[in-house]
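The analysis underlying the following values was restricted to heavy atoms, covering all of them including side chains, and did not include hydrogens, waters or symmetry mates. Here is the naming used below: chain letters follow the sequence lines, and residue numbers restart at 1 for every chain.
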Amino acid sequence: MDPQLSSLHDDVLAWFGEHRRDLPWRGRDGERPDPWSVLVSEFMLQQTPVARVLPVFDAWMATWPTPADLAAATAGDAVRAWGRLGYPRRALRLHAAATAIAHQHAGRVPDTYEALRELPGVGDYTAAAIASFAYGRRVLVLDTNVRRVFTRVVRGEQYPTRSVTAAERRLGQELMPADRADEWAAATMELGALVCTARAPRCAACPIADRCAWRAAGYPQGEQPKGQTWHGTDRQVRGRLMAVLRESHAPVPKAALDAVWDDATQRDRCLAGLLDDGLVELVDDDVFALPGHDEGR
DNA sequence: AAAACGTGGCA
DNA sequence: TTGCCAAGTTT
C-alpha cells in the first residue's frame with residue numbers, strides 16, 4: 001500500500017472519528033444503520049440540506065417504519081408528508097420505490113448496487129450510498145461533497161465539473177481504501193460538508209490541508225456554472241400549486257388554484273405538467289387533489 | 001446531453 | 001436584496 005495514500009486515509013478517518021455528526025440515519029457505535037432509514041434519508045437529501053431533512057425524516061420514519069408501511073399508504077399521503085422539502089417528485093418516487101421493495105423484494109431493501117439502481121428515483125449516487133452505508137459494500141460514492149474535496153486536494157481546482165468524468169471515477173477508485181470503504185465514503189462526504197465547503201472552506205480545520213493542491217496553488221478561483229433562475233419560472237408556479245394541494249385535505253376547486261398565479265397560460269401549463277407527472281389528480285370537473293386521495297377509505 | 005425540477009437559509 | 005447553494009435523477 002502506498003504510504004502516502006495510507007496516511008491520507010488515516011488522517012481523514014481520524015478527523016471523522018472526532019467530528020462525525022450523529023445523524024438519525026447513521027448507525028450507532030459501529031453498528032450498521034437500518035437500510036430503510038438510509039434509503040429514506042438519501043431520497044430526502046438529494047439537493048436538500050441536512051438541517052431541513054431532520055424533522056421530516058423523523059416524522060416519516062415514525063409514520064412508515066418499513067417499506068411495506070409506506071407502500072400501503074397513498075402517493076398523496078407521501079407527497080403531503082414530504083412537506084416543503086422541495087422536488088416533490090422525489091416523494092412520488094420514494095413511494096414507488098417502497099412499493100417495488102414491498103412487492104418485488106419481499107419487503108427488504110436490495111443490498112446490491114445493481115438492484116438498488118433499478119428502483120425509481122435511485123441514480124448512481126443513491127445506489128452507491130445505500131450499498132455502502134447500509135451494507136458495507138465497497139462501491140465508489142461520489143456526491144457533490146466528495147467531488148469537491150477530490151477536485152481541490154488532487155486537481156488543485158476550486159469546483160468540480162458539472163457532471164462526473166471518467167477521470168474522476170478512476171481517481172475515486174484509486175483513492176478508495178481496501179478496507180472500511182464505507183467509512184471512507186462517509187468521512188470524505190462529511191469533510192466536504194463541514195470543512196471543505198463550497199463558499200468559505202475552513203482550511204484551518206482541515207486534516208489534509210498540508211497536502212491540498214488547491215491551497216498550495218494559492219486558491220485559484222474557478223468558473224462557476226451559471227445558477228438557476230427562479231422568479232417567474234414554472235418551478236415557482238408548480239411550487240405554489242402544490243402548496244395549495246398539500247395544505248388542503250379536501251379536493252381543491254380550480255378557482256383556488258387560479259388564485260396563486262396571474263398568468264393563466266403559464267398556470268394552466270404548470271397544472272397540466274403536475275397532472276402529467278402524477279403529482280396531482282383530477283377528481284371531478286375542475287376539482288383537483290393529491291394522488292390517491294380517495295383510496296383506502 | 002442540456003434542461004427541468006422546490007425550497008429556504010445565509011452572505 | 002440578490003444570488004448562491006444543499007448527500008441528484010430523469011428525460
Side-chain angles (χ1 to χ4, degrees), chain A residues 20-21 23-26 33 37-57 79 82-94 96-97 116-134 139-150 158-165 182 184-194 196-201 221-246 260-261 266 269-270 272-274 276-280:
Chain A
R20 176 184 187 278
R21 287 171 293 178
L23 302 170
W25 46 83
R26 288 182 168 167
S37 295
V38 175
L39 186 149
V40 170
S41 70
E42 292 302 342
F43 267 79
M44 292 183 174
L45 288 164
Q46 291 168 2
Q47 300 284 283
T48 305
V50 167
R52 282 233 301 291
V53 165
L54 285 168
V56 182
F57 173 84
V79 171
W82 196 255
R84 311 184 66 81
L85 282 184
Y87 291 150
R89 287 193 289 199
R90 291 183 293 166
L92 228 42
R93 292 176 181 145
L94 177 52
L116 287 161
R117 192 66 182 71
E118 295 298 313
L119 296 173
V122 176
D124 173 66
Y125 162 75
T126 302
I130 298 169
S132 178
F133 302 147
V139 295
L140 179 59
V141 181
L142 272 188
D143 81 323
T144 188
N145 291 301
V146 176
R147 297 188 64 217
R148 189 172 54 246
V149 170
F150 289 174
Q158 186 176 21
Y159 299 117
T161 53
R162 172 180 289 280
S163 55
V164 178
T165 64
D182 56 330
W184 170 252
T188 47
M189 282 176 68
E190 196 82 329
L191 188 60
L194 300 182
C196 195
T197 55
R199 251 179 294 191
Q221 298 299 295
E223 287 287 320
Q224 283 228 73
K226 57 181 175 186
Q228 329 160 342
T229 55
W230 171 249
H231 290 289
T233 61
D234 284 6
R235 283 156 80 172
Q236 182 180 19
V237 180
R238 287 168 57 106
R240 289 193 183 181
L241 292 170
M242 286 303 294
V244 173
L245 276 309
R246 204 192 296 132
V260 307
W261 199 257
Q266 185 179 20
R269 176 177 70 235
C270 289
L274 291 171
D276 196 51
D277 289 343
L279 282 164
V280 177

(request) May I ask you to evaluate whether A:Arg246 reaches the phosphate of B:dT7, defined as a side-chain N or O under 4.0 Å from OP1 or OP2? (result) yes
(message) If I take atom CG from residue A:Leu45 and atom OH from residue A:Tyr125, how far apart are they, to the nearest 0.5 angstrom?
(response) 7.0 Å
(request) Can you tell me the distance, in whole Å, between the CG atom of A:Leu142 and the P atom of C:dA7? (result) 14 Å
(message) What's the separation between atom CG in A:Leu54 and atom CG in A:Leu23, rounded to the nearest 0.5 Å?
(response) 6.5 Å
(message) Whole angstroms only, please: what is the CG-P distance between A:Leu54 and C:dA7?
(response) 13 Å
(request) Examine the base of C:dG8 for any acceptor or donor lying under 3.5 Å from a partner atom in the side chain of A:Thr144, and report the outcome as yes or no. (result) no
(request) Assign A:Ala193 to base, sugar-phosphate, or nothing according to its heavy-atom contacts below 4.0 angstrom with the strands shown. (result) sugar-phosphate
(request) Determine the contact category for A:Arg93: base if any of its heavy atoms lies under 4.0 Å from a base atom, sugar-phosphate if only primed atoms, P, OP1 or OP2 are that close, otherwise nothing. (result) sugar-phosphate
(message) Return whichever of A:Arg117 or A:Glu42 has its heavy-atom-nearest nucleotide of DNA chain C closer to the 5' end.
(response) A:Glu42
(request) Return the orientation label for the A:Trp25 and A:Phe57 ring planes: parallel under 30°, perpendicular over 60°, tilted otherwise. (result) perpendicular
(message) Strictly distance-based, threshold 3.5 Å: is any side-chain N or O of A:Asp277 a donor or acceptor partner for the main-chain N or O of A:Leu279?
(response) no
(request) Please round to the nearest 0.5 Å and tell me the distance separating atom CG of A:Leu194 and atom CZ of A:Arg20. (result) 12.0 Å
(message) Between B:dA1 and C:dG8, how many Å separate the two C1' atoms, rounded to a whole number?
(response) 16 Å
(request) Please determine if A:Arg21 and A:Glu190 form a salt bridge, counting it only when a charged side-chain N lies under 4.0 Å from a carboxylate O. (result) yes
(message) Expressed as a whole number of angstroms, how long is the span from A:Gln46:CD to B:dA4:P?
(response) 19 Å
(message) Should the side chain of A:Arg89 and the base of C:dT10 be counted as holding a donor-acceptor pair, with the cut-off at 3.5 Å?
(response) no
(request) Specify the separation, in whole Å, of atom CG of A:Leu92 and atom P of C:dT9. (result) 17 Å
(message) Using the P atom as the point on both nucleotides, what is the distance between B:dA3 and C:dA7, in whole Å?
(response) 23 Å
(request) Give the rounded distance in Å between these two atoms: CH2 of A:Trp230 and P of B:dG6. (result) 8 Å
(request) Check whether any side-chain N or O of A:Arg162 sits under 4.0 Å from OP1 or OP2 of C:dG8, and answer yes or no. (result) no
(message) Under the criterion side-chain hydrogen bond (donor to acceptor under 3.5 Å, both in side chains), I'd like the reasoning laid out for A:Arg147 against A:Thr161: C-alpha separation, chi angles, the key distance, then a yes or no.
(response) CA-CA 9 Å; A:Arg147 297 188 64 217; A:Thr161 53; 3.1 Å; yes
(request) Indicate yes or no: does A:Arg117 engage A:Asp124 in a salt bridge with an N to O separation below 4.0 Å. (result) no
(request) Find which nucleotide of DNA chain C each of A:Arg148 and A:His231 is nearest to by heavy atoms, and output the residue with the more 5' nucleotide. (result) A:His231
(message) At a heavy-atom distance below 4.0 Å, what parts of residues 234-245 of chain A sit against DNA chain C?
(response) none
(message) Between P on B:dC5 and CZ on A:Arg84, what's the gap in Å once rounded to a whole number?
(response) 18 Å
(request) Using the C1' atoms only, state how far C:dT1 lies from B:dG8, rounded to an integer number of Å. (result) 15 Å
(request) Please work out if A:Trp82 contacts a base, only the sugar-phosphate, or nothing of the nucleic acid, heavy-atom cut-off 4.0 Å. (result) nothing
(message) Please report the interatomic distance CH2(A:Trp82) to CZ(A:Phe43), rounded to the nearest 0.5 Å.
(response) 7.5 Å
(request) For the pair A:Glu42 and A:Arg90, find out whether any cationic side-chain nitrogen is under 4.0 Å from an anionic carboxylate oxygen. (result) no
(request) Tell me which residues in residues 118-131 of chain A put a heavy atom below 4.0 Å from DNA chain C, sorted by number, or none. (result) A:Pro120, A:Gly121, A:Val122, A:Gly123, A:Asp124, A:Tyr125, A:Thr126
(request) Specify the separation, in whole Å, of atom CG of A:Asp143 and atom C1' of C:dC5. (result) 14 Å
(request) Grab the OH-P distance between A:Tyr87 and B:dA3 for me, whole Å please. (result) 14 Å
(request) Looking at every strand, decide which applies to A:Arg147 at a 4.0 Å heavy-atom threshold: base, sugar-phosphate, or nothing. (result) nothing
(request) Check side chain to side chain donor-acceptor pair (under 3.5 Å) between A:Gln236 and all other residues, then give those that pass, not counting sequence neighbours. (result) none
(message) Just to be sure I understand the rule, does A:Leu23 reach a base, reach only the sugar-phosphate, or reach nothing, if contact means heavy atoms closer than 4.0 Å?
(response) base
